[in-house]
Amino acid sequence: MSGANPIVEALEKSSLRDDLPAFRVGDSVDVHYRIREGEKERVQVFSGVVIKRRRAGARSTFTVRKVSFNVGVERMFPLHSPRIDKIQIQSQGVVRRSRLFYLRELRGKAARIKDVKDR
Amino acid sequence: MNQNPGVIGTKLGMTQVFNEDGSVTPCTVVQSKPVVVGKRTQDKDGYDALIIGVGTKTAKHVKKPQAGFYKKQNVDPKALLREFRCPADFAAKFETGQEVKLDELFEAGQYIDVQGVSRGRGFSGVMRRHNFAGGTSSHGTHEYKRHGGSIGMNMTPGHVLKGQKMAGQCGNKRLSVLNLRIHQVIADQNLVLIRGGVPGAKNATVIVRGAVKKRNGGKVS
């Protein structure tokens with residue numbers, strides 16, 4: 001893929017966030033996301049496993065998957081969105097691929113990811 | 001005719017911009033550093049226009065008649081020239097040789113029209129060129145998967161109707177997109193961010209001017 005124009009890249013740079021922790025695919029994270037309900041604003045926490053990261057400058061996104069009431073829920077966040085309050089890394093996982101879509105077919109014990117600490 | 005002032009620019013590519021509320025706007029980045037090379041006036045030419053030039057051209061690439069024109073105007077040779085029709089009072093604000101700042105022409109939220117040459121796809125079939133559905137790929141189909149089907153009737157009218165969509169050159173055609181909006185003008189970097197896409201490849205030449213189908217040249221303020 002051809003990279004973006006240097007001027008466009010410089011333009012994007014100003015909107016990049018450098019205050020977020022470095023996390024990787026396979027990590028379990030809590031994403032604190034500001035949502036607006038009418039007039040009020042509150043922070044919602046979405047906890048799960050990062051199954052995908054897209055690295056594309058200001059357009060970077062990541063996808064978090066969790067299983068809630070036996071239903072798999074995946075949510076994609078723009079990495080540099082000002083609505084992300086903070087990201088907390090709960091555990092670092094050991095995985096061998098960059099996209100963990102195989103987790104969608106697995107349930108319960110089979111869907112676990114090895115922790116870095118247990119290695 | 002579009003009397004709204006405009007510029008020749010270069011499409012640099014696309015990006016996205018976060019707004020204050022966290023929503024995202026897809027934007028095309030267009031760069032332009034226009035210079036007024038000359039003027040057309042009602043008295044002399046029968047209409048008012050600014051001749052806008054962008055880029056640079058080395059002296060050896062300038063043909064002699066053009067070189068004479070640039071010399072007369074006392075402006076360095078430009079890579080591209082174009083006339084933009086505009087009201088006389090607007091043209092009076094600029095002098096020959098003067099650089100035009102983008103924030104003098106455009107403002108955030110303004111409606112604009114963009115012209116460019118779309119990316120060429122060569123001689124293409126009807127599925128790519130006209131979004132035909134094509135044929136079914138199973139049920140005994142043989143060599144008829146990407147065809148357009150029937151192109152007309154029988155004895156009446158006895159010929160194919162004019163304008164029938166068929167295969168042919170796709171793209172590489174001048175297109176205008178109307179009523180796009182300016183997201184942001186960054187005058188000190190000669191950039192303008194346009195909401196949405198514009199025709200053409202990266203580094204292609206585009207023409208940006210105030211919207212012809214809006215009042216006041218698309219300006220909102």
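Per chain, numbering begins at 1; letters A, B, ... match sequence-line order.
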*Part of A:Leu11 within contact of chain B (heavy atom distance under 4.5 Å)*: side chain
_Value rounded to 0.5 Å, distance of CZ in A:Arg83 from CD in B:Glu20_ = 12.5 Å
*Quick one: what part of B:Asn203 sits under 4.5 Å from any heavy atom of chain A, side chain, backbone, both or neither?*
side chain
_Within a 6.0 Å radius of atom CZ on B:Arg146, are there more than 12 heavy atoms belonging to other residues, nucleotides or ligands?_
no
*Counting only heavy atoms not in A:Arg24, do more than 12 sit closer than 6.0 Å to its CZ atom?*
no
*Determine whether B:Lys202 and A:Asn5 make a side-chain contact, defined as any pair of heavy atoms from C-beta on separated by less than 4.5 Å.*
no
*In terms of heavy-atom pairs under 4.5 Å, which option from B:Leu193, B:Leu12, B:Val29 contacts chain A the most?*
B:Leu12
*asked:* If we define contacts as heavy-atom pairs under 4.5 Å, which of B:Asn19, B:Asp21, B:Val24, B:Val17 has the most with chain A?
replied: B:Asp21
*Take atom NZ of B:Lys33 as the centre, draw a 6.0 Å sphere, and report whether it contains more than 12 heavy atoms from other residues, nucleotides or ligands.*
no
*asked:* A quick test of your reading: do over 12 heavy atoms of other residues, nucleotides or ligands sit less than 6.0 Å from NZ of A:Lys66?
replied: yes
*Might you confirm whether atom CZ of A:Arg107 has over 12 heavy atoms from other residues, nucleotides or ligands at distances under 6.0 Å?*
yes
*Are more than 12 heavy atoms from other residues, nucleotides or ligands located less than 6.0 Å from atom NZ of B:Lys101?*
yes
*Please round to the nearest 0.5 Å and tell me the distance separating atom OG1 of B:Thr15 and atom CD1 of A:Ile7.*
13.0 Å
